[in-house]
Amino acid sequence: MNELVSIVVPIYNVEKYLSKCIDSLISQTYKNLEIILVNDGSTDQSGEIAQQYAKQDSRIRYIVQKNKGLGGARNTGLEYAKGNYILFIDSDDYIRNNMVEKMAKVLEKNNLDIVVCEYERVNENGECIESHQLPFLEQKVYEPLHQKEVLLMDPAEWNKMYKRELFEHTNLRFPDRVWYEDLRTTPKLIAQAKRVGFLHEPFYLYLQRASSIMNSTTLSRQAESLQAMDDLIHYFKANHLYKTYEKELEFLCIAHVYVFGINRVARIPHSKAMIQKFKEYTVENFPNFHSNPYFSLFTPKEKKFYEWIDHNQIWKIQLGDKVKKEVKKWKKH
């Protein structure tokens, strides 16, 4: 096995974290790599750091473009990529040194379109905050058309390796200049894939930063999850996949709009109208969502949030947030 693997790294103002990310890529046990660093209009020293690495390692290609957002930078990387296998890594994260080798081996051995690994959320000291485990069997090959539950996995792009052909055959790309670009894209790729596999090892280390998308305090940004769901629904209907995956799309809406979405919006001041909008969106698009067969996939914590939202007890989420903030203040003193 010696297929070329293309690693696409979008870069935007991450001078503090970029070296650690690139170091984790060039130290991979799998050597047949091309590392495509896409500078998406950075205004800090990220470009200079990336250029220095490109001078030192011939496998690195450095590209500069005007800002197009995370999705646009990934698309640029795809245009330049020559590998048969594609991996997307966010530039403030890093990976374990055997990630590419293990994932490429499984992808090739089982003739997969997508292979997915587990990941850990870490703080800036590298300490694990949360370990994300997959509810899928490692030794099994899943066919989305028959095992539709694979559509419900975490939509993050960065813990997945793709066969390049999947992008070529479907012509799917990431949307530019939007948030929730993963939610808009990953379920489409999975629905179009024929074979998907999983690895129960946390190869990917996701840095939990206060400025991340999930911690945004902007109501307009959080509202983009509704646009992401509209995008998904439209795509599945246009490609005659909606009836096949209706219950799966319904659960994606319950999870990302009704539970995760409202959970985030509830923590933002003056969000009452937006919370109501999220509820109405779910009911309008999926009026029978309370009988969805996938509720068992929620963790106990997520089930608790669902019940609070469903019983108009959102104040419990807000109270819990206030308590956490007070505890942090107390610990500082």
Side-chain angles (χ1 to χ4, degrees), residues 1-105 107-108 114-115 117 156-168 170-177 181-182 185 189 203-207:
M1 180 195 71
N2 199 33
E3 293 284 0
L4 178 65
V5 176
S6 297
I7 303 179
V8 176
V9 185
I11 298 170
Y12 182 74
N13 290 354
V14 285
E15 60 183 6
K16 184 178 177 181
Y17 313 103
L18 185 55
S19 291
K20 189 168 188 176
C21 174
I22 300 175
D23 284 340
S24 75
L25 305 183
I26 62 179
S27 63
Q28 288 294 300
T29 55
Y30 192 92
K31 301 303 180 184
N32 192 21
L33 304 173
E34 65 167 1
I35 301 167
I36 303 172
L37 306 178
V38 183
N39 184 350
D40 189 43
S42 294
T43 56
D44 65 359
Q45 297 299 308
S46 296
E48 287 78 358
I49 295 169
Q51 281 182 300
Q52 285 301 314
Y53 275 96
K55 290 176 182 177
Q56 297 165 13
D57 194 320
S58 61
R59 297 175 300 172
I60 297 177
R61 183 165 190 173
Y62 176 63
I63 299 164
V64 183
Q65 67 178 28
K66 292 182 179 180
N67 182 262
K68 295 183 179 179
L70 182 56
R74 285 176 179 165
N75 292 338
T76 297
L78 268 175
E79 287 176 20
Y80 284 93
K82 298 177 181 177
N84 291 324
Y85 301 157
I86 307 290
L87 191 64
F88 300 100
I89 304 294
D90 284 359
S91 52
D92 51 353
D93 301 332
Y94 52 103
I95 63 177
R96 295 200 160 94
N97 69 351
N98 59 343
M99 176 174 174
V100 176
E101 180 180 358
K102 288 289 188 73
M103 294 187 79
K105 184 177 181 180
L107 195 146
E108 181 175 61
I114 306 171
V115 62
C117 73
E157 291 294 338
W158 31 255
N159 66 329
K160 300 169 180 65
M161 182 179 285
Y162 298 89
K163 189 178 288 184
R164 179 194 181 89
E165 293 173 359
L166 184 60
F167 288 96
E168 293 177 345
T170 62
N171 202 34
L172 280 167
R173 295 295 185 270
F174 300 94
D176 292 355
R177 303 180 184 282
E181 74 290 326
D182 288 349
T185 309
L189 287 165
F203 294 121
Y204 196 93
L205 300 164
Y206 175 92
L207 179 63

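Being a predicted model, the structure only gives us computed values, none of them experimental.
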(Q) I need the Glu165 CD to Tyr85 OH distance, nearest 0.5 Å. (A) 9.0 Å
(Q) Under 3.5 Å, is there a donor on one side chain and an acceptor on the other for Tyr94 and Asp23? (A) no
Q. Taking atom OH of Tyr204 and atom CE of Met99, what is their separation to the nearest 0.5 Å?
A. 7.5 Å
Q: Could you tell me the separation between the CG atom of Asn32 and the CG atom of Asn2, rounded to the nearest 0.5 Å?
A: 4.5 Å
Q. Would Arg164 and Glu168 satisfy salt bridge (Lys or Arg N to Asp or Glu O under 4.0 Å), going step by step from the backbone distance to the final call?
A. CA-CA 7 Å; Arg164 179 194 181 89; Glu168 293 177 345; 2.8 Å; yes
Q) Does Thr29 offer a backbone N or O that forms a donor-acceptor pair with the side chain of Asn98 under 3.5 Å? A) no
Q) Once you round to the nearest 0.5 Å, how far does CD1 of Ile86 lie from CG of Leu166? A) 10.5 Å
Q: Could you grab the distance from atom CG of Leu205 to atom CG of Asp93, nearest 0.5 Å is fine?
A: 8.0 Å
Q: Flag the pair Tyr30 / Glu3 as yes when at least one side-chain heavy-atom distance between them is below 4.5 Å, and no otherwise.
A: yes
(Q) Test your reading of the model: is there a side-chain donor-acceptor pair from Gln45 to the backbone of Glu15, 3.5 Å cut-off? (A) no
Q: Determine the interplanar angle of the Phe174 and Phe167 rings, folded into 0 to 90°, and report it as parallel if under 30°, tilted if 30 to 60°, perpendicular if over 60°.
A: tilted
Q: I would like to know whether Asn39 and Tyr62 meet side chain to side chain donor-acceptor pair (under 3.5 Å); could you show each step before the answer?
A: CA-CA 8 Å; Asn39 184 350; Tyr62 176 63; 2.8 Å; yes
Q: Keeping the roles fixed (side chain from Gln28, backbone from Ser24), state whether a donor-acceptor pair exists under 3.5 Å.
A: yes
Q: Test Ile60 against Ile22 for side-chain contact (heavy atoms from CB on, under 4.5 Å), laying out the working first.
A: CA-CA 10 Å; Ile60 297 177; Ile22 300 175; 4.2 Å; yes
**Q.** Closest non-hydrogen atom pair between Met103 and Asn159, with its separation
**A.** CE-O, 3.7 Å
Q. For the residue pair Asp182 and Glu157, what are the closest heavy atoms and their distance?
A. OD1-CG, 3.0 Å
Q | Smallest separation among heavy atoms of Ile95 and Val100, with atom names | A | CD1-CG2, 4.4 Å
(Q) Within the structure provided, determine whether Arg173 and Leu78 are in side-chain contact (heavy-atom separation under 4.5 Å). (A) yes
Q. Yes or no on side-chain contact (heavy atoms from CB on, under 4.5 Å) for Gln52 and Glu48, after CA distance, side-chain angles and deciding distance?
A. CA-CA 6 Å; Gln52 285 301 314; Glu48 287 78 358; 5.7 Å; no
Q) Looking only at atom types and distance, does a side-chain atom of Ser6 sit under 3.5 Å from a main-chain N or O of Ala81, one as donor and one as acceptor? A) no
Q) Hey, does the side chain of Ser46 reach the backbone of Ser42 with a donor-acceptor pair shorter than 3.5 angstrom? A) no
Q: Identify, with sequence neighbours excluded, every residue that meets ring pair (Phe, Tyr, Trp, His ring centres under 6.0 Å) alongside Tyr53.
A: none
Q | Ile89 versus Trp158, closest heavy-atom pair with distance | A | CD1-O, 4.1 Å
Q) What's the shortest heavy-atom distance between Tyr162 and Leu189, and which atoms? A) CE2-CD1, 3.8 Å
**Q.** Nearest-0.5 Å distance, OH of residue Tyr17 to CD1 of residue Ile11
**A.** 15.0 Å
Q: Check for a donor-acceptor pair, side chain of Glu34 on one end and backbone N or O of Lys82 on the other, with a separation under 3.5 Å.
A: yes
**Q.** Side-chain (Lys160) to main-chain (Ala156) donor-acceptor, under 3.5 angstrom
**A.** yes
**Q.** Ile26 to Arg59 - nearest heavy-atom pair and separation
**A.** O-NH2, 3.1 Å
Q) Given the rule in the salt bridge (Lys or Arg N to Asp or Glu O under 4.0 Å) test, do Asp90 and Arg74 qualify, once you have shown the distances and angles that lead to the verdict? A) CA-CA 10 Å; Asp90 284 359; Arg74 285 176 179 165; 3.3 Å; yes
Q. Hey, is the main chain of Pro10 close enough, under 3.5 Å, to the side chain of Asp40 for a donor-acceptor pair?
A. no
(Q) Closer than 3.5 angstrom, by distance alone: can the side chain of Ser27 be matched with the main-chain N or O of Asn97 as a donor-acceptor pair? (A) no
